[in-house]
Amino acid sequence: MDWLHALLLGFVQGLTEYLPVSSSGHLELGKVLLGPGAQAGGLEFDVLVHVATVLSTIVVLYKELLWLVEGVFKPQWNDEKRYALNIIISMIPVGIVGVFFKDEVEALFLGHILLVVGCCLLVTAALLTMTHFYRPKSKDNISPLHAFIIGIAQALAVLPGLSRSGSTIATGLLLGNSKEKLAQFSFIMVIPPILGAALLDLKDLFSAENAVTSQSEALPLPAMIAGFLAAFVSGCLACKWMISFVKNSKLIYFAIYCAILGVVALCFA
């Protein structure tokens, strides 16, 4: 993988991580479109750009994260502790999938990546469309039960093409939660799972059985820098913009985009 491939794929990853269009699906489609050279980075590149997007979340939402951390260490029960508890509850489903079923999930779409991406993009489109037509009364606070259900949506979004942000935000909206709270909650709740997944991938990357492969396919430094910076900068822009967009606009436009892209992916599957 050269620096230009890394730059383009890093930009795609950072931008689509926060838009409800599936970053993993776009990353896989981007690799297919750019050819074999773009696929050479493998696991090392995926870990790099995912960490970059987590850092972009921390930068954009640092005030909210600081509020959360400070409140957790206060002696009394407060809104910050309640919020942190909901984050922990939301992590349970994806933690179970990541620890116990990671290999099985990856095996589901080996050799059929375009088919899986296309079908999952259509599911994402359907979820986003439902939020346009079904509008329950908005609730100010996310309950622990709703946090768990939103966490299930996040766990299902390990499939490429099923948007994590789209699934979690749409699920929260369909449950009747406030748009103002959902985007922020959706982006904060993904920080621990992505970091956890990155640690698991690093373990695989440096395991004895993968040592030779890792060395032969090691990313050159210019590609690493280009991919990381592209994912970080585009992630910052997309995260900030998406929070504002969810509050003030409709997700149906993203549903149309996902539906069109899903059909195109299926046509080439």
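Position 1 is the first residue of the sequence; numbering continues from there. Just the heavy atoms: all of them, side chains too, but no hydrogens, waters or symmetry mates, feed the values below.
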Chemist: Test side chain to side chain contact (heavy atoms under 4.5 Å, CB included) on Leu29 and Leu261 and set out the steps.
Modeler: CA-CA 10 Å; Leu29 290 174; Leu261 191 62; 3.9 Å; yes
Chemist: Write down the atom of Met91, the atom of Met189, and the distance for their closest heavy-atom approach.
Modeler: CG-O, 4.4 Å
Chemist: Under 3.5 Å, side chain of Ser244 to main-chain N/O of Lys240, donor-acceptor pair present?
Modeler: no
Chemist: Would you say the side chain of Leu266 lies within less than 4.5 Å of the side chain of Leu114, judging by non-hydrogen atoms?
Modeler: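 Leu114 vs Leu266: side chains apart.
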Chemist: Are His50 and Phe232 near enough that their ring centres are under 6.0 Å apart?
Modeler: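 Between Phe232 and His50, which both carry aromatic rings, the centre distance is not below 6.0 Å.
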Chemist: Calculate, to the nearest 0.5 Å, the distance between atoms CE and CG belonging to Met242 and Leu237 respectively.
Modeler: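 These two atoms lie 14.5 Å from each other.
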Chemist: Using modelled atom types only, decide if a donor and an acceptor are shared between the side chain of Ser90 and the backbone of Gly151 within a distance under 3.5 Å.
Modeler: no
Chemist: Heavy atoms, side chains only, cut-off 4.5 Å: are Ser56 and Thr53 in contact?
Modeler: yes
Chemist: Heavy-atom distance under 4.5 Å between the side chains of Pro93 and Gln154, does that happen here?
Modeler: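 Counting from C-beta outward, Pro93 and Gln154 never come under 4.5 Å.
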Chemist: Taking all heavy atoms of Thr16 and all of Val12, pick out the closest pair and write down the distance.
Modeler: OG1-O, 2.5 Å
Chemist: Return the CG to CG distance between Leu174 and Leu127, rounded to the nearest 0.5 Å.
Modeler: 7.0 Å
Chemist: Begin from the C-alpha positions of Ile149 and Thr171 and carry the test side chain to side chain contact (heavy atoms under 4.5 Å, CB included) through to its verdict.
Modeler: CA-CA 8 Å; Ile149 297 173; Thr171 300; 3.8 Å; yes
Chemist: A side-chain contact here means heavy atoms from C-beta on lying under 4.5 Å apart; do Leu85 and Trp77 qualify?
Modeler: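 Yes, their side chains come closer than 4.5 Å.
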Chemist: Under the criterion side-chain contact (heavy atoms from CB on, under 4.5 Å), which of Ile243, Leu173, Thr168, Leu175 is the partner of Leu182?
Modeler: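 Single pass found, and it is Leu173.
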Chemist: Between Glu17 and Val190, which heavy-atom pair has the shortest distance, and what is it?
Modeler: OE2-CG2, 4.4 Å
Chemist: Give the intermediate values and the outcome of side-chain hydrogen bond (donor to acceptor under 3.5 Å, both in side chains) for residues Ser186 and Tyr18.
Modeler: CA-CA 9 Å; Ser186 173; Tyr18 302 102; over 6 Å; no
Chemist: Which class fits the ring pair Trp67 and Tyr83: parallel under 30°, tilted 30 to 60°, perpendicular over 60°?
Modeler: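 Judged by the thresholds at 30° and 60°, the geometry between Trp67 and Tyr83 is perpendicular.
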Chemist: Looking only at heavy atoms, which two atoms of Ala157 and Arg164 are closest? And how far apart?
Modeler: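 Closest approach of Ala157 to Arg164: CB-CA, 3.5 Å.
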Chemist: Using the rule that Ile, Leu, Val, Met, Phe, Trp and Tyr join whenever any side-chain heavy atoms are under 4.5 Å apart, tell me whether Leu251 and Leu122 fall into a single cluster.
Modeler: no
Chemist: Would you kindly confirm whether Trp241 and Leu128 end up in one hydrophobic cluster when ILVMFWY residues are joined by side chain heavy atoms under 4.5 Å apart?
Modeler: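 Linked, Trp241 and Leu128 end up in one cluster.
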Chemist: Please answer: with hydrophobic residues joined when any side-chain heavy atoms are less than 4.5 Å apart, are Ile150 and Leu61 in the same cluster?
Modeler: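 Yes, Ile150 connects to Leu61 through the hydrophobic network.
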Chemist: Between Asn86, Asn177, Ile169, which is the residue that forms a side-chain contact (heavy atoms from CB on, under 4.5 Å) with Phe185?
Modeler: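 Passing option: Asn86.
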Chemist: Roughly how far, to the nearest 0.5 Å, is the OG atom of Ser234 from the CG atom of Leu19?
Modeler: 9.5 Å
Chemist: In terms of hydrophobic clustering (I, L, V, M, F, W, Y; side-chain heavy atoms under 4.5 Å; direct or indirect links), are Leu195 and Ile87 co-clustered?
Modeler: yes
Chemist: Does a side-chain heavy-atom distance below 4.5 Å link Cys120 with Val116?
Modeler: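 In short, these two side chains touch, coming nearer than 4.5 Å.
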Chemist: With the side chain counted from C-beta on, respond yes when Leu65 and Ile191 share a heavy-atom pair under 4.5 Å apart, and no when they do not.
Modeler: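 Yes. Closest side-chain heavy atoms under 4.5 Å.
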Chemist: Do Glu80 and Glu70 touch side chain to side chain, with heavy atoms closer than 4.5 Å?
Modeler: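 Side-chain contact under 4.5 Å: no.
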Chemist: Between Ser165 and Phe187, does the side chain to side chain contact (heavy atoms under 4.5 Å, CB included) criterion hold? Intermediate values first, please.
Modeler: CA-CA 7 Å; Ser165 62; Phe187 296 156; 4.0 Å; yes
Chemist: Measuring from Thr131:OG1 to Phe254:CZ, what's the distance to the nearest 0.5 Å?
Modeler: 11.5 Å
Chemist: Looking at every non-hydrogen atom in both residues, tell me the closest pair between Ser22 and Ser163 and how far apart they are.
Modeler: N-CB, 3.3 Å
Chemist: On a heavy-atom basis, which atom in Ala84 and which in Val72 lie closest, and how many Å separate them?
Modeler: CB-CG2, 3.8 Å
Chemist: Kindly say whether Ile142 contributes a backbone atom to a donor-acceptor pair with the side chain of His146 at under 3.5 angstrom?
Modeler: no
Chemist: What is the distance from atom OG1 of Thr57 to atom OH of Tyr62, rounded to the nearest 0.5 Å?
Modeler: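 If I round to the nearest 0.5 Å, the distance is 15.0 Å.
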Chemist: Same hydrophobic cluster for Leu156 and Leu115, using side-chain heavy-atom links shorter than 4.5 Å among ILVMFWY?
Modeler: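 No; Leu115 is not reachable from Leu156 via cluster members.
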Chemist: Could you walk me through whether Val21 and Thr124 satisfy the side chain to side chain contact (heavy atoms under 4.5 Å, CB included) test, starting with their C-alpha distance in whole Å, then the side-chain angles of each, then the deciding distance to 0.1 Å, before giving a yes or no?
Modeler: CA-CA 7 Å; Val21 295; Thr124 298; over 6 Å; no
Chemist: Please tell me if the side chains of Phe11 and Val233 come closer than 4.5 Å, counting only heavy atoms from C-beta onward.
Modeler: no
